[in-house]
Amino acid sequence: MNKIVFATNNANKLREAAEILAPLGIEVISQREAGADCEPEENGVTFAENAMIKAKAVFDIVKIPVFADDSGLCVDALDGRPGVYSARYAPKGQECAKLLDEMKDIPDDKRNASFQCVIAYVDENSSFTVNGACLGKIGYEEKGENGFGYDPVFVCGEKTMAEMTAEEKNAVSHRGAALTALYKMLAKG
Ligand code: ITT
C-alpha cells in the first residue's frame with residue numbers, strides 16, 4: 001500500500017481521508033505520526049494558498065509525499081463568508097449557533113451555500129492542487145450528531161451532513177470530491 005502523509009491537525013478530516021483513500025490502496029498517516037508536530041500559520045487569502053502552505057511546511061520536515069486540505073463553508077448571503085476563515089469564525093463548537101444567528105432573517109431562497117475543499121499535494125518532484133465542492137443550503141436549526149464543524153446546519157439533499165453516515169457524507173462531500181481528484185492525479189503518475 002502506498003503511504004501518504006496528511007498535513008492536518010484535524011482528526012475528523014484525517015478519518016474522512018482514510019475512509020476514502022484506504023479502499024483505493026493508499027494508507028493515510030497523520031503529520032504527527034510522521035513526526036511533524038507543527039501548525040503552520042495559514043496566512044494565505046485563498047484555500048489553495050493555505051493548503052500549499054500546510055503541505056510544504058510538513059513536506060520540509062517529513063520528506064515523503066504529503067497532502068493538505070484547506071476547506072470551509074461559503075455562504076452566498078454572506079458574500080462567501082466565512083470561507084477561508086471558517087475555522088476561526090467562532091470558538092470550536094459554537095460555529096453553527098453563530099451562523100444560524102447571522103442567518104436568522106435570511107429567507108429560504110437566499111440560503112444557498114457550498115462547502116469548498118482544496119487539496120495541495122507535494123512530493124520531491126512535483127506539487128499541485130485539486131478542488132472539490134458540495135452545494136447545499138443553510139438550515140434553520142442544528143440537526144444530526146455525526147460529522148463535525150458546520151455539518152449540523154449544512155443541508156444537502158434531504159439531510160444535513162451531520163445526519164448522514166460517514167459513507168453517505170464521503171460520497172457527496174467537497175472533501176470526497178477533492179480526494180477523488182487527488183487519487184486520479186496520482187494514478188496518472
Ligand atoms: P487543519 O488546518 O489542521 O487541516 P482546520 O480544522 O484548522 O485543520 P481548515 O483551516 O481547513 O482546517 O478549516 C476548515 C474549517 O472549515 C473546519 O475547521 C470546519 O469548521 C470547516 N469545515 C471544513 N470541512 C468541513 C466539513 O466537512 N464539515 C463541516 N465543517 C467543515
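Whatever order the structure lists them in is the order used to number ligands and atoms, beginning at 1.
Looking at residues two or more places apart in sequence or on another chain, you find a side chain to side chain contact (heavy atoms under 4.5 Å, CB included) between E142 and C96, A97, L100, P152, V153. Scored by the side chain to side chain contact (heavy atoms under 4.5 Å, CB included) test, N9 finds Q31, R32, E39 as partners (sequence neighbours excluded). Residues satisfying the side-chain hydrogen bond (donor to acceptor under 3.5 Å, both in side chains) criterion with N12, sequence neighbours excluded, are R15.
Remark: K137 is not positioned above the aromatic ring of F154, lacking an NZ or CZ atom under 6.0 angstrom from the ring centre and at most 45 degrees off the axis. A cation-pi contact links R111 to Y140, judged by a cut-off of 6.0 Å to the six-membered ring centre and 45° from its axis.
For F67 and Y121, the ring centers are positioned 6.0 Å apart or more.
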Run through all N or O atoms in ligand 1 and write down each protein N or O closer than 3.5 Å, as a pair with its distance.
unit_1   : atom_1 : unit_2 : atom_2 : d
ligand 1 : 2 (O)  : E42    : OE2    : 3.0
ligand 1 : 2 (O)  : K54    : NZ     : 2.7
ligand 1 : 3 (O)  : T8     : OG1    : 3.4
ligand 1 : 3 (O)  : N9     : N      : 2.8
ligand 1 : 4 (O)  : T8     : OG1    : 2.6
ligand 1 : 4 (O)  : K13    : NZ     : 2.8
ligand 1 : 6 (O)  : N10    : ND2    : 3.0
ligand 1 : 10 (O) : E42    : OE1    : 3.0
ligand 1 : 10 (O) : D70    : OD1    : 3.4
ligand 1 : 11 (O) : K13    : NZ     : 2.8
ligand 1 : 11 (O) : D70    : OD1    : 3.2
ligand 1 : 11 (O) : S71    : N      : 3.1
ligand 1 : 12 (O) : K13    : NZ     : 2.8
ligand 1 : 24 (N) : H174   : NE2    : 3.2
ligand 1 : 24 (N) : R175   : NH2    : 2.9
ligand 1 : 27 (O) : K169   : NZ     : 2.7
ligand 1 : 27 (O) : H174   : NE2    : 3.2
ligand 1 : 27 (O) : R175   : NH1    : 3.0
ligand 1 : 28 (N) : D151   : OD1    : 2.7
ligand 1 : 28 (N) : D151   : OD2    : 3.4
ligand 1 : 28 (N) : K169   : NZ     : 3.4
ligand 1 : 30 (N) : Y150   : N      : 3.2

